[in-house]
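First the structure, in the form of structure tokens, and then the observations on it.
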Amino acid sequence: VSARAPHWQTVALPYLFDRGETAVTDDPERNRFSARMGRAARVGTNLSRAALKFGASQVFGGNDDKVAAALASALGNTKGPLMKVAQMLSTIPDFLPPEYAKELSQLQAHAPAMGWPFVKRRMRAELGADWQSKFAEFGKEAAHAASLGQVHRAKTLDGIEIACKLQYPDMSSAVESDVSQLKSMLGLFRRMDGSIDPSQMVEEITARLREELDYTRERKAMKLYQLMLADKEFVSVPEPVEELSTNRLLSMSWLSGAPLHDFESADQETRNRIAEMLFWTWWGPMNAYGVIHGDPHLGNYQITENGAGINLLDFGCIRIFPPSFVEGVVRLREALKTDDFDGCMSAYETWGFKDLTRDLGEVLNVWARFIYGPLLDNRVRTIADNVAPGEYGRKEAFEVRRLLKEKGPVTIPAEFVFMDRAAIGLGAAYLRLGAELNFYQLFEDSIAGFSVDAMAARQRTALAEVGLAFNTPSQSGS
């Protein structure tokens with residue numbers, strides 16, 4: 001073992017000192033150098049334990065399952081953005097070895113909650129010393145815990161059941177510290193692999209993580225989804241409780257429903273109905289307003305009324321696209337339908353891909369035909385079309401990576417990151433349900449009469465109505 005400074009210091013310290021200090025404010029959880037420093041130390045220590053297991057397995061031989069479990073445990077104990085990013089990377093086919101993808105995919109579902117002392121501190125900081133007098137009941141145990149916060153069940157003085165999402169301490173500093181770790185991890189991946197330049201991916205993930213910490217923005221996002229899905233009676237979106245919410249405390253109506261996996265063995269008609277509702281819940285806002293729900297974690301969907309309704313949850317990560325991006329989505333499908341290579345290249349350029357050669361365009365078409373496959377096939381089918389769920393997408397991902405190593409690299413545009421991630425997440429839900437639908441016709445219905453100018457006007461009106469700003473590029477924390 002080297003006597004030099006730990007790896008986390010070599011990658012994190014220059015970044016930490018380069019960030020600069022924010023002005024002194026009354027906010028004790030602002031992005032602070034001391035908190036970033038402490039965070040880097042904790043993350044470095046946790047990851048070092050996993051790294052030691054990895055080193056031992058390399059020297060003495062060992063099982064990747066144990067190393068993957070150690071990494072998942074380290075990230076789970078760390079909490080915060082790195083945990084969320086690791087869980088996100090696990091959803092991308094063939095991006096990680098299967099053992100690692102399996103372990104990291106469990107992070108969201110099994111995240112450990114923080115105890116009552118934290119809850120009291122957070123609630124006192126957000127609502128004042130008399131915070132308990134503002135509730136008829138407040139559950140001491142977390143009903144759900146995730147990477148950036150945890151949810152408690154409560155009851156208002158009017159007797160209404162609500163959910164209170166409490167942000168973990170020092171998450172603003174955690175984002176800025178963890179981003180440096182993420183840059184190091186993906187930089188290592190780029191040096192080892194070389195097929196993908198992840199630089200814009202990092203900036204996009206950073207921007208969305210900063211937005212996830214803004215619970216005021218999330219309340220507006222809830223209102224936006226209520227507006228966009230107003231004509232879909234089968235979808236329920238929580239109602240925010242403004243008087244019991246702050247920038248780090250989000251109170252909303254409590255919605256009850258069954259997890260998606262409870263319906264995996266339901267009759268085919270029920271599973272198809274659920275899948276169709278999921279389609280309209282996701283593609284409806286995208287094609288009409290240029291907005292997607294960027295977190296495809298299956299826990300964000302609850303099924304109600306024995307399969308006749310859906311609760312949509314967690315609006316911290318929504319992506320608002322320029323209308324031209326959505327136009328590119330529609331144009332790429334049309335180009336793929338007619339084997340129009342130049343049309344495909346034009347759509348990729350609209351999405352933000354730059355300096356594409358013909359060879360790189362052909363590689364992107366391999367992935368595009370996989371993602372768009374069900375939308376190009378005018379018949380009733382499953383999403384995987386007789387491909388085993390565990391293999392779905394892996395052959396295509398392997399082929400794309402192989403070709404990019406020969407003909408790449410390619411820089412993934414920022415706006416592509418969450419679009420691709422969410423589409424894959426939605427596909428995973430269809431896989432679990434074994435749904436049999438005509439996805440081609442559903443998409444045709446969703447873009448009927450599509451006009452980029454009309455969509456742009458509709459988007460501007462909706463954002464103005466709820467007071468929500470367009471997604472901004474990654475900026476330094478303050």
Side-chain angles (χ1 to χ4, degrees), residues 91 93 105-106 108-110 143-144 151 161 163 222 225-226 228-239 252-288 292-315 370-393 421-448:
T91 66
S105 68
Q106 302 300 314
Q108 291 282 83
H110 302 299
H144 176 71
V151 174
E161 281 198 301
M222 271 187 220
Y225 264 81
Q226 288 175 348
M228 294 188 298
L229 295 172
D231 63 337
K232 302 293 185 290
E233 294 183 0
F234 54 80
V235 185
S236 295
V237 174
E239 181 69 36
M252 70 204 95
S253 55
W254 181 275
L255 298 182
S256 295
L260 190 69
H261 64 71
D262 281 6
F263 290 83
E264 291 174 19
S265 58
D267 62 84
Q268 190 67 54
E269 182 181 358
T270 298
R271 286 182 281 127
N272 289 347
R273 183 168 61 247
I274 292 171
E276 187 168 346
M277 291 188 298
L278 286 173
F279 179 92
W280 286 108
T281 300
W282 195 87
W283 277 108
M286 175 61 178
N287 290 343
I292 63 166
H293 191 292
D295 192 344
H297 179 47
L298 297 181
N300 288 334
Y301 304 105
Q302 291 178 336
I303 309 303
T304 63
E305 302 173 40
N306 294 317
I310 286 181
N311 292 335
L312 183 60
L313 308 174
D314 196 347
F315 301 87
F370 161 66
I371 291 292
Y372 277 85
L375 307 181
L376 299 172
D377 193 5
N378 189 10
R379 63 185 173 92
V380 174
R381 52 167 283 178
T382 63
I383 198 79
D385 201 27
N386 299 318
V387 176
E391 296 301 315
Y392 182 62
R421 177 204 178 199
I424 290 171
L426 187 63
Y430 291 147
L431 281 174
R432 296 180 75 101
L433 289 169
E436 298 176 359
L437 296 171
N438 188 326
F439 296 98
Y440 175 101
Q441 191 58 52
L442 282 170
F443 193 82
E444 286 285 318
D445 293 343
S446 74
I447 60 171

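Side chains included, hydrogens not; waters and symmetry mates left out as well; all remaining heavy atoms used.
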Non-hydrogen atoms of [X] and [Y] that approach each other most closely:
| X | Y | answer |
| --- | --- | --- |
| A429 | L260 | CB-CD2, 3.8 Å |
| A308 | M277 | O-SD, 3.4 Å |
| A384 | L431 | CB-CD2, 3.5 Å |
| G257 | N311 | N-ND2, 4.0 Å |

[X] side chain to [Y] backbone, donor-acceptor under 3.5 Å:
| X | Y | result |
| --- | --- | --- |
| R273 | G307 | yes |
| R381 | I383 | yes |
| E436 | R271 | no |

Residue from L278, L442, L426 passing side chain to side chain contact (heavy atoms under 4.5 Å, CB included) with W283: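 That would be L426; it is the only one of L278, L442, L426 passing the side chain to side chain contact (heavy atoms under 4.5 Å, CB included) with W283.
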P238 and its side chain to side chain contact (heavy atoms under 4.5 Å, CB included) partner, picked from W254, F315, Y225: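 Exactly one pass, corresponding to F315.
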Output all residues satisfying side chain to side chain donor-acceptor pair (under 3.5 Å) with D267, sequence neighbours left out; order by chain, then residue number.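 With neighbours one apart ignored, the set is T270.
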Taking atom [atom1] of [X] and atom [atom2] of [Y], what is their separation to the nearest 0.5 Å?
| X | Y | atom1 | atom2 | result |
| --- | --- | --- | --- | --- |
| E444 | N438 | CD | CG | 9.5 Å |
| L312 | N300 | CG | CG | 7.5 Å |
| R379 | L437 | CZ | CG | 12.5 Å |
| I310 | E305 | CD1 | CD | 11.0 Å |
| D314 | M252 | CG | CE | 8.0 Å |
| L255 | T304 | CG | OG1 | 9.0 Å |

Could you go through the side-chain contact (heavy atoms from CB on, under 4.5 Å) check for V237 and M228 one step at a time? CA-CA 11 Å; V237 174; M228 294 188 298; over 6 Å; no
Do [X] and [Y] have side-chain heavy atoms sitting under 4.5 Å apart?
| X | Y | answer |
| --- | --- | --- |
| K232 | T281 | no |
| Y301 | L313 | no |
| L375 | F439 | yes |
| W282 | I292 | yes |
| P259 | L298 | no |
| V235 | W280 | no |
| F279 | S446 | yes |

Hydrogens and angles aside, do D445 and Q441 bring a side-chain donor and acceptor to less than 3.5 Å of each other?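 Result is yes, a qualifying pair exists.
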L433 vs I274, side-chain contact (heavy atoms from CB on, under 4.5 Å): CA-CA, chis, key distance, verdict: CA-CA 8 Å; L433 289 169; I274 292 171; 3.8 Å; yes
